[in-house]
Each structure stands twice: as C-alpha cells, then as structure tokens.
Amino acid sequence: MEDQEKHYITTEELKTHNKVGDLWISIQGKVYNVTDWMKNHPGGETPLLNLAGQDVTNAFVAFHPGSAWKYLDQFFIGYLKDYQVSEVSRDYRKLVSEFTRAGLYEKKGHGVAISMIVIVVLLFLSVYGILMSDNVWVHLGCGGMMGFVWIQSGWLGHDSGHYQIMSTPEYNRFAQVLTGNCLSGICIAWWKWNHNAHHIACNSLDFDPDLQHMPFFAVSSQFFNSLVSYFYDRTMKFDSFTRFLVSYQHWTFYPVMCLARINLFAQSFMLLLSKRPVRNRGQEILGLLVFWIWFPLLVSYLPNWGERVMFVIASFSVTGIQHVQFCLNHFSSSIYMGPPSGNDWFEKQTTGSLDITCPSWMDWFHGGLQYQVEHHLFPRLPRCHLRKISPFVKELCSKHKLPYTCVSFWEANVLTIGTLRNAALQARDVTNPIPKNLVWEAVNTHG
C-alpha cells in the first residue's frame with residue numbers, strides 16, 4: 001500500500017527535464033526538481049546544467065558536506081523507479097563515508113597557516129628589496145619572489161574554494177578575495193565558475209574549459225572540427241591562423257605559460273563586466289581594484305622602464321610554473337566528447353587525471369595537487385590528507401580494473417609535450433586543408 005502512494009519517475013522521464021526552466025536530478029533514488037534553486041546554487045548554474053536529468057549522487061557526495069542533505073527535502077518530487085548503483089559507485093561512496101567518519105574532512109592540518117606565513121614573508125622581502133635596494137639583480141629576484149607569492153596564494157585560493165580553510169564562512173570568503181582578487185588580481189568568482197565546470201566535466205573536449213585553449217593549444221585533433229564550447233557558448237574555430245599556432249604548440253607551450261597570467265586577468269574583467277549574474281560583484285571588483293593599485297604602484301618604484309618590464313616578466317614567468325602544473329594533470333590523460341555522466345563519475349575522474357610523484361617535502365611546490373586523481377574524487381578533502389588516502393584510491397582502481405596513472409614531474413612534462421606534438425603534426429597534415437590566410441601561406445611557401 002505504501003508503494004502505491006509513492007510517485008515513481010522513470011530514468012527516461014528524468015532525462016527529459018534537463019534544461020533551464022525545467023531541471024530535475026536524482027540523488028540516491030530520490031528525484032528533485034531544482035529548477036528554481038539553480039540560480040541560488042552556491043556552485044553556480046553550470047554544474048547543475050551539465051548533469052541535468054541524471055542521477056548525480058556521486059557528484060553530490062563529492063562536493064557537499066553531510067549538512068547539505070537536509071536542504072534536499074524541499075525539492076523532492078518522487079522516486080526513481082529504475083534506480084541502480086554500479087559496484088564502483090558503491091565502493092566510491094563507501095570511501096567517502098569512511099573518510100567522513102574518520103574526520104578527515106574536518107582535520108585541515110597546519111598547511112594554511114604555514115602557507116600564509118610564507119606568503120607574508122615573500123611579499124615583504126619582494127617589497128623591501130624594491131624599496132631599499134638599487135641592485136638590478138635584487139630587483140630581478142624580487143620579481144621571482146612575487147611569482148612565488150602568487151603561486152602560494154593561488155593554492156590557498158583553490159583550497160578555500162573547495163572547503164572552508166578558515167573558522168567561519170565569512171572568514172573563508174575574506175581569504176578567497178584576499179588571496180585571489182587582492183593579492184593575485186584573479187577574480188575568485190571567475191575561478192569558481194571555471195573550476196566547478198572543470199571538475200564536473202573533467203576532460204570533456206566540449207564541456208571542460210580547462211581543455212579549451214584555442215587558438216593556442218589543442219590536445220586532440222577533434223578540435224580541428226571547430227567544436228562548440230558549451231562553457232563559453234561559442235564555436236572554437238579552427239581556421240588557418242589557429243592551424244598555424246597549433247602546428248607549433250609543442251614549441252610555444254612553455255613561453256605561452258610564462259604569459260598565461262594575462263589571460264586570467266582578461267577573463268576576470270570579462271566576467272565582471274558581462275551581464276552574467278555574479279555573486280558579490282561589488283566585492284570582486286573592489287578586490288581587483290586593490291590589486292591594480294598596489295601592484296602598479298610597487299612596479300613604479302623601480303628606477304627605470306627596463307627594470308619594470310624585467311620585474312613583471314620575472315613574476316609572470318615564475319607563476320607560469322603553476323600554469324604548467326595545471327596542464328600536466330590533464331593534457332595527456334583520456335578525453336571524451338559530450339556532457340559528463342553522473343553514472344560513471346569515478347571512471348571519468350580517474351581516467352581524466354594523472355598524479356605526479358614527489359617526496360612529501362615537495363608537497364608545497366604542487367599545492368597538494370600532485371594527487372590530482374584523489375583531489376578530483378574527493379575535492380572537499382584538505383590537501384594534507386591526499387597523500388595518505390592515495391593507497392585506498394589505488395586499491396579501488398585496481399579492484400575495478402581502472403587506470404591509475406602516476407608519473408614523475410619530468411615524465412608528466414614529456415607526456416604533455418608528446419600530446420601537443422602529436423596534435424601539432426596532425427594540424428600540419430595537408431590532406432586536411434582549410435582556407436589559408438597570408439600568415440599560413442607565407443610560413444609554408446616552398447623555396
């Protein structure tokens with residue numbers, strides 16, 4: 001009698017509710033209508049849209065603490081009639097529960113305090129060197145230290161976006177704006193929008209923004225079909241100019257990474273000046289204004305334009321190390337086309353990421369993200385625990401015959417350049433002609 005009173009919804013019916021204005025999801029066999037909640041979702045609209053009309057249990061337990069479950073009842077509309085759980089998903093959720101019971105999500109270690117101290121010391125030394133020394137080599141070193149300030153503040157900004165690194169949500173928000181907007185000049189709202197989409201659609205060519213770097217880079221020849229980016233809502237045109245740049249991408253990769261920060265600056269302003277809804281837009285803009293006051297002012301204290309340019313290039317180049325690190329974890333990993341699927345969450349996250357081996361004393365260099373597979377599976381887990389949980393992830397991958405790729409920093413670079421080189425050689429293939437512009441013709445003219 002109780003079952004007859006329940007409202008059952010089939011998987012096929014659930015799939016039809018997958019768009020703005022009509023968005024349903026399923027979590028542990030219960031179906032929720034989150035159409036009106038989408039605009040208030042702390043993680044933004046993109047994750048919900050990418051997984052709309054599906055069972056999203058794995059993604060939900062990965063990104064939400066236990067306290068979030070109580071908010072679901074208000075959206076409940078029925079039960080998923082043909083709800084099933086794969087063996088790998090069952091084991092994954094069991095690990096999440098075990099880590100929760102062990103208190104790992106609450107024990108954050110001393111990494112945040114140490115990182116903040118390092119940031120303060122490096123920032124002080126950089127400013128002190130500029131103001132108190134006339135030596136050009138000291139100024140060059142100060143530029144390098146500024147780059148390390150941005151790298152370490154970037155790791156903190158990343159952590160504060162995934163879990164609460166401070167004692168309260170208000171302090172955590174302050175840490176986000178301070179490390180992202182004020183210290184680094186990167187809009188934390190843009191980062192969260194971009195990064196959440198990356199985590200949900202890890203290594204989807206048309207849904208993951210972290211693979212969409214046309215016209216400079218293409219990790220797959222599938223980009224040569226001028227794919228549509230569902231994140232940026234535009235076509236990534238593979239024209240003759242893009243072919244020219246991609247054809248040499250394995251040579252330009254590191255130089256471009258040295259200047260990649262410019263793109264982050266641009267993306268930050270583009271979001272804040274757009275019509276897209278941005279939470280706390282005023283705070284975001286104010287934080288960027290703080291950066292664009294103190295940093296140019298500091299640079300102006302250098303004695304001449306030559307040293308000013310040298311300082312900026314040095315700081316950008318050192319920060320380029322972090323941009324390279326971001327690429328190493330995914331560029332050479334398995335890719336796919338289309339939207340992400342909630343039912344193969346564990347499989348997509350493990351095959352789309354790779355780990356980088358290093359001794360524990362080098363964890364600071366990678367910000368903990370050398371354990372990229374673990375981070376993608378357990379994004380709320382403080383970085384200090386990623387090393388200790390890696391054996392459990394390896395064991396689970398082995399049990400279900402899934403790849404667990406772990407290589408050295410050098411090998412990761414080799415794999416990344418190899419991936420870029422393969423795509424570059426395919427881009428040069430004259431059997432796949434496209435309209436050429438004058439630049440392409442000039443470079444490829446014989447004689």
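Everything quoted here is computed from the prediction, not taken from an experiment. Computation of the quantities below employed the complete heavy-atom set of this structure, encompassing side-chain atoms and omitting hydrogens, waters and symmetry-equivalent molecules.
- Rounding to the nearest 0.5 angstrom, the gap separating the CZ atom in R387 from the CG atom in D363 is 4.5 Å.
- With no hydrogens or angles considered, a side-chain donor-acceptor pair links S229 and Q212 at under 3.5 Å.
- No donor-acceptor pair closer than 3.5 Å links the side chain of Q164 to the backbone N or O of S160.
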Verify salt bridge (Lys or Arg N to Asp or Glu O under 4.0 Å) between E170 and R173, making sure each step is shown before the conclusion. CA-CA 5 Å; E170 292 75 22; R173 171 64 183 169; over 6 Å; no
Would you please test Q372 and H330 for side chain to side chain contact (heavy atoms under 4.5 Å, CB included) and show each step? CA-CA 9 Å; Q372 190 72 190; H330 298 288; 3.0 Å; yes
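- Few gaps surround CG on N40; more than 12 heavy atoms of other groups in view lie less than 6.0 Å from it.
- Of the possible donor and acceptor atoms, none in the side chain of D210 sits under 3.5 Å from a partner among the backbone N and O of H198.
- Between F231 and F207, the distance from one ring center to the other does not fall under 6.0 angstrom.
- When only modelled atom types and interatomic distance are considered, S86 and S89 share a side-chain donor-acceptor pair under 3.5 Å.
- If you check the side chains of D206 and Y336, you find no donor sitting under 3.5 Å from an acceptor.
- In this pair, W193 and Y232 present their aromatic rings perpendicular. The plane angle is above 60°, beyond the 30 to 60° band.
- Although no hydrogens or angles enter the test, the distance criterion places a donor-acceptor pair under 3.5 Å between the side chain of D239 and the main chain of T242.
- Ring-plane geometry between W292 and F265 is classed as perpendicular, the angle between the planes exceeding 60 degrees on a 0 to 90 degree scale with a lower cut at 30.
- Side-chain contact between T16 and W24 is absent, with no heavy-atom pair separated by less than 4.5 Å.
- Remark: aromatic rings of F75 and Y71 are distant, center separation not under 6.0 Å.
- Heavy-atom contacts from other residues, nucleotides or ligands closer than 6.0 Å to CD of Q84 number 12 or fewer.
- The backbone N or O of V85 sits less than 3.5 Å from a side-chain atom of R90, completing a donor-acceptor pair.
- For the pair Q152/S115, a side-chain contact is recorded, criterion being any heavy-atom separation below 4.5 Å from C-beta on.
- Remark: side-chain polar atoms of S398 are not paired, donor with acceptor, to backbone N or O of E395 under 3.5 angstrom.
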Could you list the donor-acceptor pairs under 3.5 angstrom formed between side-chain atoms of residues 178-187 and any protein atom two or more places apart in sequence or on another chain?
from	atom 1	to	atom 2	distance (Å)
T179	OG1	A175	O	2.7
T179	OG1	Q176	O	3.4
N181	OD1	I188	N	3.2
N181	ND2	E284	O	3.0
N181	ND2	E284	OE1	2.8
S184	OG	S153	OG	2.8
S184	OG	T179	O	2.8

Decide yes or no on side chain to side chain contact (heavy atoms under 4.5 Å, CB included) for V407 and D355, but give the supporting numbers first. CA-CA 6 Å; V407 299; D355 282 2; over 6 Å; no
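- Within a 6.0 Å radius of CE in M362, other residues, nucleotides and ligands contribute more than 12 heavy atoms.
- The OG atom of S268 lies 6.5 Å from the CH2 atom of W190; values are rounded to the nearest 0.5 Å.
- Y79 and F76 have their aromatic ring centers within a separation under 6.0 angstrom.
- If you look at H366 and F409, their ring centroids are closer than 6.0 Å.
- Environment of CZ in F216: sparse, with no more than 12 heavy atoms of neighbouring residues, nucleotides or ligands closer than 6.0 Å.
- Around CD of E106, the count of heavy atoms belonging to other residues, nucleotides or ligands within 6.0 Å does not exceed 12.
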Check against side chain to side chain contact (heavy atoms under 4.5 Å, CB included), F331 and H213: CA-CA 11 Å; F331 269 28; H213 300 294; 3.6 Å; yes
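- Under a 3.5 Å cut-off, the side chain of Q349 and the backbone N or O of H199 do form a donor-acceptor pair.
- The backbone N or O of D55 lies less than 3.5 Å from no partner atom in the side chain of Q28, so there is not a single donor-acceptor pair.
- Considering CH2 of W364 and SG of C358, their distance stands at 10.5 Å, rounded to 0.5 Å.
- In this structure, F60 has its ring center closer than 6.0 angstrom to the ring center of H64.
- Of all heavy-atom pairs between L23 and N33, the closest is O-OD1, 3.5 Å.
- Put simply, CG on N50 and CG on D208 are 9.5 Å apart, with the number rounded to the nearest 0.5 Å.
- Counted by atom type alone, K388 and H385 present one or more donor-acceptor pairs between their side chains at under 3.5 Å.
- Between the side chain of R428 and the main chain of S247, a donor-acceptor pair closer than 3.5 Å is present.
- Less than 6.0 angstrom separates the ring centroid of Y92 from the ring centroid of F378.
- Without hydrogens or angle criteria, T235 side chain to K237 main chain gives no donor-acceptor distance under 3.5 Å.
- Between the side chains of T416 and N413, no donor-acceptor pair of N or O atoms lies under 3.5 Å.
- The closest donor-acceptor contact from the side chain of D82 to the backbone of T10 lies at 3.5 Å or more, if one exists at all.
- Here the CZ-CG distance, from R281 to L273, works out to 8.0 Å after rounding to the nearest 0.5 Å.
- Within a 6.0 Å radius of CZ in F295, more than 12 heavy atoms belonging to other residues, nucleotides or ligands are found.
- Here CD1 of I262 is found 13.0 Å from CD of Q267. Values are rounded to the nearest 0.5 Å.
- By the 4.5 Å heavy-atom criterion applied to side chains, I321 and F365 are counted as neighbours.
- Between H162 and H375, the ring planes lie perpendicular to each other; the angle is over 60°, past the 30° to 60° tilted range.
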The test is ring-ring contact (aromatic ring centres under 6.0 Å, His included); show your working for F238 and F223 and say whether it passes. CA-CA 7 Å; F238 187 73; F223 277 116; 9.3 Å; no
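- Annotation: W69, atom CH2; neighbour count of heavy atoms from other residues, nucleotides and ligands within 6.0 Å is above 12.
- The closest side-chain heavy-atom distance from R383 to D159 is below 4.5 Å.
- Residue K108 places its NZ atom among more than 12 non-hydrogen atoms of other residues, nucleotides or ligands, all under 6.0 Å distant.
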Does the pair Y163 and I165 meet the rule for a side chain to side chain contact (heavy atoms under 4.5 Å, CB included), with working shown? CA-CA 6 Å; Y163 54 89; I165 65 172; 3.6 Å; yes
